[in-house]
Protein chains: 2
Amino acid sequence: MAEGRRAQAIREARLLLAEEGAISMRRLADRLGIKAPSLYKHFPDKAGLEAALIAEGFTELAAALEGAGDGLPNLLAAYRRWALEHPHLYDLATRQALRRDLLPEGVEEAAGRPVVVAAGGDPDRARALWASAHGLIVLEQAERFPPDADLDAAWRALAQAFATTS
Amino acid sequence: MAEGRRAQAIREARLLLAEEGAISMRRLADRLGIKAPSLYKHFPDKAGLEAALIAEGFTELAAALEGAGDGLPNLLAAYRRWALEHPHLYDLATRQALRRDLLPEGVEEAAGRPVVVAAGGDPDRARALWASAHGLIVLEQAERFPPDADLDAAWRALAQAFATTS
DNA sequence: GTCTATACCCGGATAGAC
DNA sequence: GTCTATCCGGGTATAGAC
């Protein structure tokens, strides 16, 4: 076999999510040339499919953050870039309670580790830092800021706020 | 007349949003004892109805922030409290591009002013501060943090990061 | 592992009569 | 300003045949 249906479905689901902003089992089945009920032979339900995508996203994000240069501005820039390049996957992975029971061990932690390091190892500070970056991203993605807002400057202000304050 | 249909509809829409987490024109009409098409005599479309709710939310949030005590921790606490007490309205007002064309003049600015003041008048810093609080709120509301996360401590860490850094 | 058929649910909005 | 009738669309998931 060149590729299992499951792997093919995950690949197409990412394309579908990227192109249309949402996944439906019917639309995904159309792309695969099968009928929607057949998908349930490969995934128990939609959450199982989504978890596979989210796991991929965490792994890629972790690599992107590891590859960022030193310093908080570089880390924030890498985080922002990855999120804006994968807006709907980012949204899928953050807007709802994480189904940790469906995720491979360690993927969430791998994506979070660079942030904890940047926060000096303080988990509370790391969560504040992560949430701050997340807030800028979701507001930016939703075009929620006024049209004249200078978002690059806002990101710089965020980096400055968290620059070795403690 | 005791109360116009429009005002009644807005009131019921808020209850519907608070109780069920979403507004549908059909569900709203049911609550009012009318049929869904009749709502379109009072609002041009759903966005027009939502804008009325969002405007109310901004006004109430502005009052809550004005009433917060001095200091960044108090401001953040007031913001957090209002958002968590009105989670779905908060979400409605922040998760999508704001229809400023449907909003009364000044309501957005009124809600934002206390944040700008807290940021020392720097609009970029104010946006970073706002987004940071927003990020904590949406992640908290979505139950996206790990179960053992100490969110009060994260809020304290945020306040410290923005404590007169510049 | 695929299919057909189907179950159930939901949504926004318009036309035209009264 | 309300109604009925209707338009369009969407969705997750299961049963049972092949």
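So you know, we letter chains A, B, ... as the sequences are listed, proteins then strands, and number each from 1.
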In whole angstroms, the gap separating P of dT2(C) from CG of Asp30(A) amounts to 14 Å

Indicate yes or no: does Arg144(A) engage Glu108(B) in a salt bridge with an N to O separation below 4.0 Å.
yes

Could you tell me which residues satisfy side-chain hydrogen bond (donor to acceptor under 3.5 Å, both in side chains) with Glu19(A), sequence neighbours excluded, listed by chain and number?
Arg31(A)

When you check the gap from the basic side-chain N to the acidic O, do Asp152(B) and Arg80(B) get nearer than 4.0 Å?
yes

Pick the closest DNA chain C nucleotide for Pro37(A) and for His42(A) by heavy atoms, then say which residue is nearer the 5' end.
His42(A)

Under a 3.5 Å threshold, yes or no: a donor from one side chain and an acceptor from the other, between Arg5(B) and Gln8(B)?
yes

Between Arg14(A) and Glu60(A), does the salt bridge (Lys or Arg N to Asp or Glu O under 4.0 Å) criterion hold? Intermediate values first, please.
CA-CA 13 Å; Arg14(A) 279 196 68 162; Glu60(A) 294 175 18; 2.6 Å; yes

Roughly how many Å is it from CZ in Arg6(A) to C1' in dT2(C), rounded to a whole number?
18 Å

Can you label the angle between the His134(A) ring and the Tyr90(A) ring as parallel, tilted or perpendicular, going by 30° and 60°?
tilted

Nearest-angstrom distance from the residue atom NZ of Lys35(B) to C1' of dC18(C)
16 Å

Pro44(A) or Ser38(B): which one's nearest nucleotide on DNA chain D is closer to the 5' end?
Ser38(B)

Where do N or O atoms of nucleotides 8-12 of chain D meet protein N or O atoms at under 3.5 Å, pair by pair?
residue : atom : partner  : partner atom : Å
dG11(D) : OP1  : Ser24(A) : OG           : 2.7
dG11(D) : N7   : Arg26(A) : NH1          : 3.2
dG11(D) : N7   : Arg26(A) : NH2          : 3.0
dG11(D) : O6   : Arg26(A) : NH2          : 3.0
dT12(D) : OP1  : Met25(A) : N            : 3.4
dT12(D) : OP1  : Lys46(A) : NZ           : 2.9
dT12(D) : OP2  : Met25(A) : N            : 2.9
dT12(D) : O4   : Arg26(A) : NH2          : 2.3

